[in-house]
There are 2 protein chains.
Amino acid sequence: MAVTMNDVARVAGVSLKTVSNVINNYEFIRPATKQRVLDAIDELGYEANLTARSLRSGKTSMIGLVLADLSIPYYAELASDIMKAAWARGYRVLVEQSGNEPEHEKAALQGQFRTLTDGLLFIPLALDAEQIIHAAGKKPLVLLGEYVQDPRLDMVLIQNHQAAAAVTAHLLAGGRRRIAVIGAHDGDTTGSNGLRLEGYKAALADAGVTYDPALVIDCDWRRDGGAEATARLLDSGVDFDAVFGLNDALALGALHELLVRGRKVPEEIAVAGFDDIDEAKFASPSLTTVAPGRTEIAERAVELLINRIENKDAALDVQQPEAAFELRIRQSAP
Amino acid sequence: MAVTMNDVARVAGVSLKTVSNVINNYEFIRPATKQRVLDAIDELGYEANLTARSLRSGKTSMIGLVLADLSIPYYAELASDIMKAAWARGYRVLVEQSGNEPEHEKAALQGQFRTLTDGLLFIPLALDAEQIIHAAGKKPLVLLGEYVQDPRLDMVLIQNHQAAAAVTAHLLAGGRRRIAVIGAHDGDTTGSNGLRLEGYKAALADAGVTYDPALVIDCDWRRDGGAEATARLLDSGVDFDAVFGLNDALALGALHELLVRGRKVPEEIAVAGFDDIDEAKFASPSLTTVAPGRTEIAERAVELLINRIENKDAALDVQQPEAAFELRIRQSAP
DNA sequence: CTGTTGGCTTACATCGTTGCAGACCAGGGC
DNA sequence: GCCCTGGTCTGCAACGATGTAAGCCAACAG
């Protein structure tokens with residue numbers, strides 16, 4: 001069916017192995033021979049079969065990326081950055097959507113498709129460190145941004161705590177004292193939601209403002225979750241003068257609901273988010289948020305993973321760099 | 001390194017082929033033998049090497065997806081749907097970003113990575129039919145949604161013309177007469193931009209409204225393109241009472257710019273888009289747009305492609321179904 | 001008792017590529 | 001003239017799985 005090295009060899013009048021040598025830029029080939037082979041490749045439109053090459057070499061040059069769902073803007077933007085970073089280093093990315101369900105996450109970590117990849121980038125949402133270590137095989141694994149502290153796992157971290165504290169401090173500096181938090185509940189201390197909530201609490205404490213659990217509302221981390229949570233908050237009659245959405249989707253949902261209900265943003269109620277997705281800049285009013293260093297995270301995670309893949313022997317220490325974050329002050333909370 | 005069938009065979013005390021037979025559910029295996037093999041698999045944690053399987057079977061169970069960039073919400077949402085549809089049929093998706101550049105598109109069509117896929121879904125942006133046919137190999141190919149008419153290519157189409165006409169008609173019905181179009185220029189007749197522009201013109205003609213090329217502004221199909229084009233329009237002093245963004249990102253960019261400049265939407269200027277991305281519903285004001293049947297497109301495209309892959313013999317006629325669209329009337333153009 | 005059938009298992013070749021070892025040849029040093 | 005060196009090319013085995021064909025054994029018919 002497809003053209004193979006054998007066909008090329010026959011046409012060029014050389015051995016199969018010489019064709020292989022030409023393709024792999026083996027040094028000692030007479031220019032004339034090389035040219036004949038290249039002509040034959042051209043003539044037949046030969047293309048190397050990557051499957052066979054992978055089998056022989058034991059490398060697929062693909063990395064897996066497990067995330068909740070590409071329809072969530074932050075993940076889509078992160079995936080785009082990761083694919084570019086990987087591509088630049090000669091790797092392709094195979095995306096797997098976990099749908100944020102523990103079963104799917106586990107399946108993605110163990111699944112057969114791992115045999116198609118040289119390593120895995122994983123944005124854990126439902127599994128904890130123990131489960132991850134247990135489920136993951138022996139191939140290199142780097143966790144991304146969101147989650148759990150464990151000294152055995154490589155990961156590239158978002159400064160969840162500090163960045164959330166910075167956002168909260170900014171709201172406090174603007175004179176807000178009753179800051180609602182959307183996307184967590186009082187007990188959380190781990191995970192992005194927990195860490196961000198802790199940052200919020202720390203900033204309150206720093207400013208001498210009392211923490212009120214009634215201002216913390218949990219919901220799905222999506223636009224409609226944020227809208228619905230805000231509706232609940234408004235209906236409950238709790239007094240508040242700012243909303244901190246633990247990600248931008250939540251904040252944008254909240255913003256939408258507030259405007260629908262006729263509340264003035266930021267005059268009456270300030271809104272801030274977390275992630276700085278592209279959309280934040282173009283919302284009306286534009287959304288104050290924190291950029292967690294998405295591109296840097298993508299770059300460093302890909303680089304770290306590929307280093308692991310290519311130097312398996314050099315057992316570097318576990319790496320857990322943190323990306324720099326940056327507050328983006330816009331109209332919704334000036 | 002990794003556990004192979006051979007290891008399993010040794011542990012179970014059977015031949016390699018028997019292990020293969022167990023894995024492939026071959027009918028005639030004594031239950032006791034089967035159990036011994038399964039136990040060995042469990043004990044060793046064996047997992048089939050998909051690379052080897054692919055080489056032997058000539059099937060990779062992966063399909064390629066070429067699109068501009070995942071950071072564009074419409075593509076991200078479409079990709080998510082496609083991955084789910086493919087997954088449900090036992091296929092994985094390998095995404096390739098073309099960045100909307102002809103060179104990258106061509107490379108993606110021809111590239112070596114095609115040998116890793118059984119077929120390709122392609123959202124063409126820069127290439128025309130002739131180039132696509134020339135660049136594409138012999139593997140199944142289905143075009144998605146956006147583009148060129150050609151009787152030789154399978155594709156699942158958006159009703160660009162009709163849907164754009166419907167949006168325009170809706171704006172006209174609301175009393176608007178000077179409807180600016182963002183994302184095309186006067187000469188376009190092919191491609192999504194051209195077809196949507198044609199739909200716009202047709203609706204104008206139906207309503208007896210004169211077409212004015214001064215109202216058509218070209219720019220990048222992104223939020224900032226839409227904002228910048230709107231700024232140009234406002235600065236030019238041309239009179240208009242509505243903006244039709246040829247996709248939602250453009251419309252949202254326009255909406256943002258209009259609000260920044262203090263124009264009232266929809267009182268002064270109505271805004272409508274195209275795509276119904278998730279964000280449209282949560283904009284303020286929420287965005288009137290047209291849903292092009294994204295999920296249906298994903299489903300049908302995947303199904304068609306997989307049919308092609310699995311029945312190569314049954315040379316079905318070329319298929320070019322059109323997805324149903326639906327107008328979503330919201331606040332920005334009630 | 002022999003031949004046949006059918007359940008169960010195995011050996012071998014094969015997919016397309018690359019690593020390894022060696023063949024072959026020309027030129028240079030002895 | 002012979003050996004050695006190094007440039008150039010080739011053959012064979014191997015990566016890990018599956019298809020094909022055949023082998024083996026028990027049971028059953030003749």
Side-chain angles (χ1 to χ4, degrees), chain A residues 1-41 44-62 90 112-118 137-139, chain B residues 1-38 40-41 44-62 112-118 137-139:
Chain A
M1 193 94 241
V3 182
T4 77
M5 271 192 179
N6 236 316
D7 304 323
V8 175
R10 199 173 324 110
V11 169
V14 297
S15 80
L16 185 161
K17 184 67 232 234
T18 297
V19 177
S20 169
N21 285 337
V22 169
I23 287 172
N24 293 287
N25 281 315
Y26 179 64
E27 192 177 359
F28 302 114
I29 302 179
R30 224 175 320 175
T33 310
K34 185 166 184 170
Q35 196 53 53
R36 247 181 320 139
V37 171
L38 291 176
D39 289 347
I41 287 176
L44 298 175
Y46 167 77
E47 268 181 7
N49 179 322
L50 297 187
T51 303
R53 185 176 289 175
S54 291
L55 175 57
R56 182 65 241 233
S57 67
K59 269 207 51 170
T60 63
S61 292
M62 291 204 282
Q112 289 211 314
F113 103 110
R114 290 220 51 188
T115 65
L116 286 173
T117 62
D118 295 335
K138 283 158 228 144
K139 289 193 182 172
Chain B
M1 193 92 242
V3 182
T4 77
M5 271 193 179
N6 236 317
D7 303 324
V8 176
R10 199 174 322 110
V11 170
V14 298
S15 80
L16 185 160
K17 184 69 229 244
T18 296
V19 177
S20 169
N21 285 338
V22 169
I23 286 172
N24 293 287
N25 282 315
Y26 179 63
E27 193 178 357
F28 302 114
I29 302 180
R30 223 175 319 175
T33 310
K34 185 166 184 170
Q35 196 52 53
R36 247 181 319 139
V37 171
L38 291 176
I41 288 176
L44 298 175
Y46 167 77
E47 266 181 9
N49 179 322
L50 296 186
T51 303
R53 198 178 349 247
S54 291
L55 175 58
R56 184 65 243 236
S57 68
K59 270 207 50 170
T60 64
S61 292
M62 291 205 282
Q112 290 211 312
F113 103 110
R114 292 221 51 190
T115 65
L116 287 173
T117 62
D118 295 335
K138 283 157 229 147
K139 289 194 181 171

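Labels below follow one simple rule: chain letters A, B, ... track the order of the sequence lines, proteins then strands, and each chain is numbered from 1. Because only heavy atoms are used, hydrogens play no part in the values below, and waters and symmetry mates are left out as well, while side chains stay in.
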For the CZ atom of B:R53 and the NZ atom of B:K59, what is their distance to the nearest 0.5 Å? 11.5 Å
Supply the atom-to-atom distance B:K17 NZ to B:N24 CG, rounded to the nearest 0.5 angstrom. 7.0 Å
Interatomic distance, [X] [atom1] vs [N] [atom2] [rounded to whole Å]:
X: B:F28; N: D:dA26; atom1: CZ; atom2: P; result: 19 Å
X: B:I29; N: C:dT10; atom1: CD1; atom2: P; result: 10 Å
X: B:R36; N: C:dT9; atom1: CZ; atom2: C1'; result: 11 Å
X: A:L55; N: C:dG19; atom1: CG; atom2: P; result: 13 Å
X: B:E27; N: C:dT9; atom1: CD; atom2: C1'; result: 15 Å

Enumerate the side-chain hydrogen bond (donor to acceptor under 3.5 Å, both in side chains) contacts for residues 4-16 of chain A, please, sequence neighbours excluded, ordered by first and then second residue. A:D7-A:R10, A:S15-A:T18
Taking five pairs at each end of the helix from C:dC1-D:dG30 to C:dC30-D:dG1, what angle separates the two helix axes (nearest 10°)? 80°
With heavy-atom distances below 4.5 Å as the criterion, would you say the side chains of B:V19 and B:V14 are in contact? yes
Taking all non-hydrogen atoms of both residues into account, name the closest pair between A:I29 and A:K34 and its distance. CG2-N, 3.9 Å
Among A:D39, A:I41, A:L38, A:I23, which residue meets the side chain to side chain contact (heavy atoms under 4.5 Å, CB included) test with A:V8? A:I41
Out of D:dG11, C:dT10, C:dG16, minimum distance to the side chain of A:S15 belongs to D:dG11
In the 5'-to-3' direction, what one-character label does each nucleotide of nucleotides 17-25 of chain D receive under the scheme B = base within less than 4.0 Å of a protein heavy atom, S = sugar-phosphate only, - = no such atom? BBBB-----
